[in-house]
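Within every chain, numbering begins at 1; the chains are lettered A, B, ... in the order of the sequence lines, protein sequences first and strands thereafter. Values reported hereafter were calculated over all heavy atoms of this structure, with side chains retained and with hydrogens, waters and symmetry mates removed.
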Amino acid sequence: MDTAVDLTPKAATNAQHRHLYLVDGSAYIFRAYHRLPPLTNPKGVPVGAVYGYTTMLWKLAEDLHKADGPTHLAVILDKGSTTFRNALYDQYKANRPPPPEDLVPQFPLIRDATRAFSLACIEEDDLEADDLIASYARAATARGWDVTIVSSDKDLMQLVGKCAAGGGCVDMLDTMKNQRIDIPEVIEKFGVPPEKVGDVLALMGDAVDNVPGIRGIGPKTATKLIQEHGDLEAALAAAPAMKPSKLRDSLIEQADMARLSRVLVALKEDCDLPIPIEDFELKAIPPDPLAAFLSEHGFTSLLRKLGTAAPAPAPAPADTATASHASPTSSATEGASRQSLPAWPEIDLGSYACVQSMDELERWIGRAFDARIVAIDTETSALDSMRAELVGVSLALGPNDACYIPLGHGGSDMFAERPEQIDRLVALRALKPLLESDAVLKVGQNVKYDITILARAGEAVGGLAVAPVDDTMVMSFCLDAGRSETGLAGHGMDELAERHLGHATMKFKDLCGTGKKAITFAEVPLADATRYAAEDADVTWRLHRLFGPRLSDEGGTRIYQTVDRPLVPVVAQMERHGIRVDRDRLAALSSEFAGKIGELEAVIYDKCGGAFTIGSPKQLGEVLFDKLGYKGGKKGKSGQYSTDQSVLETLAGQGAEVATLVLEWRQLSKLKSTYTDALQAAINPATGRVHTSYSLVGAQTGRLSSNEPNLQNIPIRTEIGRQIRDAFVAEPGNVLLAADYSQIELRLAAHMADVPALKDAFAAGEDIHARTAMEMFGAVDRDTRGRAKTINFAILYGISRWGLAGRLGTSADEAQAMIDRYFERFPGIQRYIHDTLEQVRERGYSETLFGRKTWFPRINSKNQAERQGSERAAINAPIQGTCADIIKRAMVRMMPALQTAGLGHVRMLLQVHDELVFELPEGDIERARPVIEDVMARAAEPAIALTVPLGVEIGTGPSWGAAH
DNA sequence: GAGGTCACG
DNA sequence: GACGTACGTGACCTCT
């Protein structure tokens with residue numbers, strides 16, 4: 001795309017003059033929010049303040065042409081809510097009300113806007129934007145650069161007019177009033193020059209930041225005192241000599257408060273600078289990301305200014321991309337699979353560099369800073385991110401522009417010859433600023449893995465928190481969940497490369513082999529390792545370039561940017577925390593179960609007239625139905641008898657004792673092999689805890705899934721199984737806290753289908769199944785309530801008369817009558833089912849309240865079973881998926897909310913679909929409980945105003961079992 | 001690797 | 001009249 005507006009810097013050609021603009025982004029949006037109308041973007045997300053911010057950046061970029069315009073520019077944001085100032089004064093900023101609801105979702109968009117302009121964005125923990133601005137201003141003026149602070153914050157006025165020996169000076173620019181602020185303007189406002197502003201502020205205090213100052217002294221008196229006495233200490237010293245008055249007493253009594261305030265308002269000018277100022281150089285602003293951003297948020301006037309009428313700069317030459325989505329029946333999969341390819345060179349495995357010297361590494365790092373987007377991939381010795389060792393890192397900056405940095409090849413054998421490579425810690429120290437820079441986007445395929453590997457490897461260099469990140473796997477999921485006909489994976493690198501790039505990647509197996517002969521990646525020769533690893537980064541880079549525009553074209557940006565993307569580091573942290581399990585307790589259960597299993601086996605063999613493999617359904621079926629001659633044996637299409645729980649229960653009901661024994665044997669075998677044995681083996685030797693791995697793309701509906709081990713299916717429904725939950729314990733002095741959404745899927749169904757009777761019942765806090773029983777049967781007892789519960793679930797899962805009949809033990813006709821009655825009493829449900837299916841048949845996908853799509857390529861299949869299966873899944877997906885969105889939103893907000901409450905040490909450990917499990921000191925339960933409840937109950941807000949309350953139930957105890 | 005079974009929400 | 005009998009998962013076992 002060509003630019004019509006020239007945003008190319010001209011001042012940069014003047015090599016002598018440097019002028020750094022530091023934009024106080026956080027302060028700006030608060031002002032913009034109050035000053036601008038409440039605009040929303042096409043997805044309904046409020047963007048008024050973002051619009052103001054975007055126009056401001058635009059104006060600044062246009063000022064490039066002016067004599068005192070910027071040659072360098074960076075945006076500085078406030079990051080955390082507590083800073084070193086809270087350590088000085090715990091009440092600091094304590095009065096500040098929470099930001100308005102419709103401003104909250106705009107904060108992350110500020111970063112997106114900044115990135116859309118390809119500008120640097122800085123934020124640091126423990127430091128306020130003001131301190132970073134002060135430090136950068138000092139560093140720049142010391143080199144003779146001029147500095148303009150884009151803000152109107154009065155604290156920053158302390159810096160105005162500061163000039164260094166090198167010749168650079170500081171001024172401010174208030175873009176809203178379009179006013180330059182220099183020394184005269186400061187004197188006009190405060191009556192004192194900039195260097196005395198801190199003294200005035202210390203006396204008058206600040207209600208918003210909760211800087212105490214001295215009670216009864218406002219701006220007028222503060223200014224007068226400083227004008228008369230020169231500075232704060234002089235004014236305090238002069239107090240005893242003043243004529244007796246309230247003012248005199250206050251000055252004497254509250255002198256310490258004033259001194260504390262003086263420290264609080266002082267700016268910290270010696271912060272470490274996360275990115276060197278040279279890196280803020282303004283280059284030509286690439287129009288494509290900017291156009292995509294403007295288009296996504298409906299900023300059409302700016303988009304026109306940019307000089308394009310096209311909706312978005314997708315790599316989509318007219319013939320394919322948009323047309324293929326229209327017809328889900330015939331080509332839903334092809335629609336996702338065959339975008340026309342950008343004019344990139346084919347993947348060339350020979351083009352990649354192997355980085356073996358620091359010089360070369362520094363060059364790649366420098367180029368990555370310039371590029372602002374880098375694809376990364378880590379190679380390791382194993383698949384488990386909590387056990388694997390880092391073996392190498394690959395980077396990609398463009399097509400065929402990729403390298404591999406070997407860091408652990410040659411393995412641990414000290415006698416083996418190790419290939420030449422940079423020392424791991426030296427390399428990590430060099431990579432750290434890049435990987436942590438807010439100005440550089442790191443792109444990974446399943447980047448959660450790389451975050452964890454690098455965080456663990458980076459412990460030796462003072463921590464390594466990779467951010468910000470994009471994840472091509474998660475992006476693919478937000479675009480194409482359910483779209484691949486073949487199956488569950490669907491979003492793996494090899495498949496994505498094949499589908500979107502038409503490229504078959506090198507296979508790990510070919511490098512390392514399988515089975516006993518397999519070697520680890522550390523043993524792969526560098527030449528092969530380079531080809532493999534750099535290819536992965538190259539592919540990731542290319543996929544990212546395809547998926548970004550597709551997300552905005554296809555309406556996936558909202559769910560990706562506001563839910564799944566910010567969730568990635570949150571889940572990575574949960575996995576790293578892990579959870580403690582009591583090994584001795586599990587071992588005791590294992591041997592107890594083993595004993596009972598042995599006894600049961602003996603009795604079963606005795607009753608069956610001989611030994612056989614009880615665990616073999618085939619053998620068991622033959623014994624029960626052929627040898628012992630029990631009735632009711634049904635063979636499936638595999639020609640095998642079914643022996644599942646319902647069959648065995650039926651037999652048991654007919655007096656077959658052996659069926660009861662087999663059921664008991666099955667339960668114990670399951671518990672032992674899947675839980676009590678497996679969980680002991682899953683304890684990580686380094687941490688002593690169990691670390692599951694969550695898949696962010698595992699379930700088509702948007703749910704997480706948990707594996708290795710699966711901690712989302714720990715027993716709870718039976719007493720004997722529950723004992724396993726008791727083995728999940730808190731560290732000494734701590735407790736586990738479990739917070740559950742109660743009946744969330746039914747609540748969401750009531751909202752989404754708009755069912756007044758159900759909504760009223762939830763609003764009144766009634767027992768929902770009892771209410772259903774009353775509506776359906778006119779009476780509530782144990783039997784009708786149970787049946788009502790079954791029917792409620794049947795509705796959520798997409799009902800059929802036969803399925804319901806099977807569950808209720810009635811005839812299909814009776815089941816149908818109940819379904820009819822349900823629809824009659826709750827009329828919204830039938831409409832919801834009808835409308836949902838119609839929409840899915842037409843568009844090919846369902847959608848959650850938050851815009852997450854799930855595709856159903858078989859919804860119009862001629863095969864009835866296939867089609868009906870898709871229909872049931874399509875009815876359920878919006879409900880299950882909205883539930884997933886809500887708990888994910890809660891997870892994203894949870895730690896910031898806890899931190900704000902001074903509970904940053906609370907650890908979020910597990911997610912089980914509608915439940916979150918935390919570990920925290922016993923003494924913090926009562927403070928943490930309301931924060932957790934509030935975040936969860938309000939997780940849909942402000943994007944969606946639910947018409948039912950979200951109920952949250954919280955329990956605590958020494959173990960997970962006890963917390964329920 | 002497939003099929004059966006069963007643990008969870 | 002057959003299809004197969006509730007949505008979404010993952011792990012373990014047996015057998016081919």
Side-chain angles (χ1 to χ4, degrees), chain A residues 481-482 488 612-621 634 636-648 662-663 665-679 681-682 692-695 697-718 720-722 724-725 740-746 749 790-808 812 815 819 846 854 856 861-881 883-884 887 910-915:
Chain A
L488 304 168
F612 66 102
T613 308
I614 305 172
S616 163
K618 185 164 179 276
Q619 291 186 35
L620 177 66
K634 277 181 302 188
K637 64 179 164 195
S638 59
Q640 201 179 309
Y641 290 114
S642 168
T643 64
D644 67 17
Q645 203 163 5
S646 65
V647 171
L648 295 182
V662 170
L663 281 169
W665 181 93
R666 281 229 181 113
Q667 182 187 28
L668 293 170
S669 301
K670 173 89 176 179
L671 295 177
K672 180 170 183 294
S673 66
T674 307
Y675 301 106
T676 55
D677 289 352
L679 283 172
T692 184
S693 170
Y694 289 101
S695 169
V697 302
Q700 314 293 0
T701 52
R703 274 192 179 176
L704 301 185
S705 73
S706 158
N707 59 73
E708 286 179 88
N710 183 354
L711 297 186
Q712 288 180 324
N713 71 346
I714 302 303
I716 190 169
R717 291 173 184 169
T718 65
I720 186 161
R722 274 184 95 111
I724 293 162
R725 267 186 197 230
D740 284 63
Y741 282 114
S742 106
Q743 307 285 7
I744 186 169
E745 292 201 359
L746 266 179
T790 300
I791 297 167
N792 275 330
F793 278 102
I795 295 295
L796 295 180
Y797 296 151
I799 197 163
S800 86
R801 78 182 88 167
W802 300 280
L804 185 58
R807 298 269 162 163
L808 290 177
I819 293 167
S846 68
T854 302
F856 294 92
S861 166
K862 293 197 181 73
N863 178 328
Q864 188 181 223
E866 219 171 51
R867 187 176 66 248
Q868 288 178 341
S870 290
E871 285 173 357
R872 290 192 297 269
I875 290 165
N876 178 250
I879 300 168
Q880 189 182 115
C883 171
I887 196 165
L910 301 178
Q911 189 253 40
V912 194
H913 309 309
D914 64 358
E915 172 184 9

Next on the checklist: For a 4.5 angstrom cut-off between non-hydrogen side-chain atoms, does A/Glu745 reach A/Asp914?
Outcome noted: no
Next on the checklist: I'd like to know if the side chain of A/Asp644 and the backbone of A/Val647 have a donor-acceptor N/O pair within less than 3.5 Å.
Outcome noted: yes
Next on the checklist: Determine whether the aromatic ring of A/Tyr797 stacks with the base of C/dC7, defined as ring centroids separated by less than 5.5 Å and ring planes inclined by less than 30°.
Outcome noted: yes
Item to check | Between P of C/dC12 and CD1 of A/Ile614, the distance in whole Å | outcome: 20 Å
Next on the checklist: Between A/Ser616 (side chain only) and A/Gln619 (backbone N and O only), is there a donor and an acceptor less than 3.5 Å apart?
Outcome noted: yes
Checklist outcome for this item: Taking C/dG10, B/dG9, C/dA6 as options, the one with an atom nearest any side-chain atom of A/Arg725 is B/dG9
Checklist entry - Just checking A/Glu866: base, sugar-phosphate only, or nothing, at a heavy-atom cut-off of under 4.0 Å? => result nothing
Item to check | Side chain of A/Asp914 (C-beta onward), nearest among C/dG10, B/dG9, C/dG8 | outcome: B/dG9
Checklist entry - Nearest-Å distance, CD (A/Gln911) to C1' (C/dT9)? => result 12 Å
Checklist entry - Across the strands shown, which category fits A/Ala678 at heavy-atom distances under 4.0 angstrom: base, sugar-phosphate, nothing? => result sugar-phosphate
Checklist entry - For A/Arg703, which contact category applies under a 4.0 Å heavy-atom criterion: base, sugar-phosphate, or nothing? => result base
Item to check | Sugar-phosphate, base or nothing in reach of A/Glu708, heavy atoms under 4.0 Å | outcome: sugar-phosphate
Checklist entry - Under 4.0 angstrom, heavy atoms only, what part of the nucleic acid is A/Thr854 near: base, sugar-phosphate, or nothing? => result nothing
Item to check | Rounded distance (nearest 0.5 Å) linking atom NZ of A/Lys862 with atom CZ of A/Arg867 | outcome: 10.0 Å
Next on the checklist: Mind checking if A/Ile714 touches a base, just sugar-phosphate, or nothing, with heavy atoms under 4.0 Å?
Outcome noted: sugar-phosphate
Checklist entry - Reckon A/Ser669 touches a base, only the sugar-phosphate, or nothing at all at heavy-atom distances under 4.0 Å? => result nothing
Next on the checklist: What's the gap between B/dA2 and C/dA6 when it is taken at their C1' atoms, as a whole Å value?
Outcome noted: 24 Å
Checklist entry - Has the side chain of A/Lys670 got a donor or acceptor that lies under 3.5 Å from a partner of the other kind on the base of B/dC6? => result yes
Item to check | Side chain A/Gln645 and base B/dC6 donor-acceptor under 3.5 Å | outcome: no
Checklist entry - With a non-hydrogen cut-off below 4.0 angstrom, is A/Gly615 in contact with a base, only sugar-phosphate, or nothing? => result sugar-phosphate
Next on the checklist: Does A/Ala865 reach a base, just sugar-phosphate, or nothing at all? Heavy atoms under 4.0 Å.
Outcome noted: nothing
Checklist entry - So what does A/Ile716 hit on the nucleic acid, given a heavy-atom distance under 4.0 Å: a base, only sugar-phosphate, or nothing? => result sugar-phosphate
Checklist outcome for this item: Testing C/dC15, C/dG8, C/dC3 for proximity to the side chain of A/Ala873, the answer is C/dG8
Checklist outcome for this item: Taking for A/Ala874 and for A/Asn707 the nucleotide of DNA chain C with the nearest heavy atom, the one nearer the 5' end belongs to A/Ala874
Next on the checklist: Could you measure the distance from the CZ atom of A/Phe793 to the CD1 atom of A/Ile799? Nearest 0.5 Å is fine.
Outcome noted: 13.0 Å
Item to check | Beyond-backbone contact of A/Val662 with A/Thr643, side-chain heavy atoms, under 4.5 angstrom | outcome: no
Item to check | A/Ser616 side-chain proximity, nearest of C/dT5, B/dA7, C/dT14 | outcome: C/dT14
Checklist entry - Measuring from A/Ile724:CD1 to A/Leu671:CG, what's the distance to the nearest 0.5 Å? => result 4.5 Å
Checklist entry - Atom CG of A/Leu648 to atom P of B/dG4: distance rounded to whole Å? => result 15 Å
Checklist entry - Any donor-acceptor pair under 3.5 Å linking the side chain of A/Arg725 with the backbone of A/Pro715? => result yes
Checklist entry - Over how many whole Å does the gap from A/Glu871 atom CD to C/dG8 atom P extend? => result 13 Å
Checklist entry - Considering only side-chain heavy atoms of A/Pro715, which listed nucleotide, C/dC7, B/dC8, B/dT5, is closest? => result B/dC8
Checklist entry - With sugar-phosphate meaning primed atoms plus P, OP1 and OP2, does A/Asn710 contact a base, only sugar-phosphate, or nothing at under 4.0 Å between heavy atoms? => result sugar-phosphate
Next on the checklist: Both distances below 3.5 Å, Watson-Crick or wobble geometry, any strand: find the nucleotide opposite C/dC3.
Outcome noted: none
Item to check | Spacing of the P atoms in B/dG3 and C/dT5 (rounded, Å) | outcome: 14 Å
Item to check | Selection from C/dT5, C/dA6, C/dG8 that lies nearest to any side-chain heavy atom of A/Thr701 | outcome: C/dG8
Next on the checklist: I need the CD-P distance between A/Glu745 and B/dC8, as an integer number of Å.
Outcome noted: 16 Å
Checklist entry - Between the base of B/dA7 and the side chain of A/Arg717, is there any donor-acceptor pair under 3.5 Å? => result no
Next on the checklist: Using whole Å, what does the distance between atom P of nucleotide C/dA2 and atom CD of A/Gln868 come to?
Outcome noted: 15 Å
Checklist entry - A/Trp802 has a side chain; which of C/dG4, C/dT14, B/dT5 sits nearest to it? => result C/dG4
Checklist entry - Taking atom P of B/dC8 as reference, at what distance in whole Å does atom CD of A/Glu915 sit? => result 12 Å
Checklist entry - Quantified in whole Å, what is the P atom distance between nucleotide B/dT5 and nucleotide C/dA2? => result 24 Å
Item to check | Nearest-nucleotide pick for A/Thr643, side chain only, options being C/dC12, B/dT5, C/dC15 | outcome: B/dT5
Next on the checklist: Taking the minimum atom-to-atom distance to the side chain of A/Gln640, which one of B/dG4, B/dC6, B/dA7 wins?
Outcome noted: B/dG4
Next on the checklist: Whole angstroms only, please: what is the CD-C1' distance between A/Gln880 and B/dG9?
Outcome noted: 8 Å
Next on the checklist: Considering every strand and a 4.0 Å limit on heavy-atom distances, what is the contact class for A/Arg801: base, sugar-phosphate, or nothing?
Outcome noted: nothing
Checklist entry - If you check every side-chain atom of A/Ser705, which of B/dG4, C/dG4, C/dG10 has the closest atom? => result C/dG10
